[in-house]
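Note that the coordinates shown come from a computational prediction; the quantities given were computed from them, not determined experimentally. The sequence lines fix the lettering, A, B, ..., with proteins before strands; numbering per chain opens at 1.
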There are 2 protein chains.
Amino acid sequence: MGFREHLEDVCRAEGAVAASVMGFDGIPLDTVTSAETDVDLDALLVELSGMLKDLRAAAGRLQTGEVGEVSIGTERLTAILRPLNPEFFVVLAMRPDGNYGKGRYLLRVAAPRLQGEF
Amino acid sequence: MGFREHLEDVCRAEGAVAASVMGFDGIPLDTVTSAETDVDLDALLVELSGMLKDLRAAAGRLQTGEVGEVSIGTERLTAILRPLNPEFFVVLAMRPDGNYGKGRYLLRVAAPRLQGEF
């Protein structure tokens with residue numbers, strides 16, 4: 001399997017809009033889109049990569065240990081993120097009324113598999 | 001009831017470490033601590049307030065609608081945050097093995113009550 005197949009798996013969560021493996025530099029490695037949205041996903045992913053980078057730096061300063069899962073809910077979209085390695089992370093964007101629990105679960109299962117693809 | 005009673009309610013989640021009403025300027029309005037931790041909570045709360053402020057700005061740029069719930073998991077601590085109004089937010093810090101679902105639920109219930117205290 002490649003990145004794409006794992007991302008398609010993650011998108012099985014009801015309400016999934018897109019899943020992506022992204023670099024912390026904001027450049028996507030692979031993206032699977034599973035539903036339409038009027039949110040600018042590309043811009044969102046770049047913002048999220050910057051935020052996650054800042055969070056990791058903060059976690060280092062505060063010695064809280066590695067950042068695991070981060071989720072951000074807004075009125076129009078929920079994003080769940082997981083770092084994969086020092087350079088890349090995976091993100092699932094969902095509708096706010098999507099199956100958040102299943103999204104979290106599928107992402108947690110996919111993360112080690114995605115790590116194995118690097 | 002005041003802020004403190006609502007924060008104590010939130011801390012009923014198993015594994016809760018502290019709950020706080022914080023300004024986006026990083027200054028806490030009230031904090032309830034329910035368990036010991038070797039993480040520097042004061043520094044953590046300041047970092048989180050900065051991050052949440054950045055997130056709201058990004059949400060504005062991307063027109064995703066208001067930021068609702070944000071959660072950040074690290075190896076030693078999980079934080080769940082909810083904006084209350086343009087100046088303040090509430091945050092629950094938990095052990096990573098704490099009852100995350102209950103923490104989310106109690107925070108969601110407490111948010112409108114806390115809003116009513118301003």
Side-chain angles (χ1 to χ4, degrees), chain A residues 17-18 26 37-83 89-105 107-108 111, chain B residues 17-18 26 37-83 89-105 107-108 111:
Chain A
V17 169
T37 176
D38 49 359
V39 173
D40 182 345
L41 271 183
D42 293 339
L44 177 80
L45 292 174
V46 171
E47 295 275 4
L48 290 175
S49 65
M51 183 217 61
L52 197 54
K53 202 170 166 181
D54 292 347
L55 263 183
R56 297 185 90 181
R61 283 195 297 278
L62 297 169
Q63 299 185 296
T64 59
E66 288 293 308
V67 173
E69 182 190 275
V70 175
S71 80
I72 297 155
T74 67
E75 284 171 309
R76 291 170 58 201
L77 210 67
T78 295
I80 315 175
L81 302 91
R82 280 192 167 265
F89 65 97
V90 59
V91 51
L92 167 64
M94 309 184 75
R95 289 200 313 266
D97 61 350
N99 190 335
Y100 174 75
K102 190 164 171 189
R104 284 185 75 203
Y105 168 74
L107 209 62
R108 188 167 67 234
Chain B
V17 169
T37 177
D38 48 1
V39 172
D40 182 346
L41 272 183
D42 292 339
L44 177 80
L45 292 175
V46 171
E47 294 274 5
L48 289 176
S49 65
M51 185 218 58
L52 197 54
K53 203 170 165 180
D54 291 347
L55 263 182
R56 298 186 89 181
R61 281 194 297 279
L62 297 169
Q63 299 185 296
T64 61
E66 288 293 307
V67 174
E69 183 190 272
V70 175
S71 82
I72 297 155
T74 67
E75 285 170 310
R76 291 168 61 201
L77 210 67
T78 295
I80 314 173
L81 302 91
R82 279 192 168 267
F89 66 97
V90 59
V91 51
L92 168 62
M94 308 185 76
R95 289 200 314 267
D97 61 351
N99 190 337
Y100 174 74
K102 189 164 172 187
R104 282 185 76 203
Y105 168 75
L107 209 60
R108 189 168 64 234

Original post:
Nearest 0.5 Å, what's the CD-CD1 distance between A:E69 and B:I72?
Top reply: 11.0 Å
Original post:
When rounded to the nearest 0.5 angstrom, what is the spacing between CG in B:L52 and CE in A:M51?
Top reply: 10.5 Å
Per-residue contact mode, [X] against chain B (heavy atom under 4.5 angstrom):
{"X": "A:V39", "value": "side chain"}
{"X": "A:R56", "value": "neither"}
{"X": "A:R82", "value": "neither"}

Original post:
When B:E47 is tested against each of A:L62, A:L55, A:T64 for side-chain contact (heavy atoms from CB on, under 4.5 Å), which residue passes?
Top reply: A:L62
Original post:
In terms of heavy-atom pairs under 4.5 Å with chain A, which of B:D54, B:D38, B:L48, B:T74 leads?
Top reply: B:T74
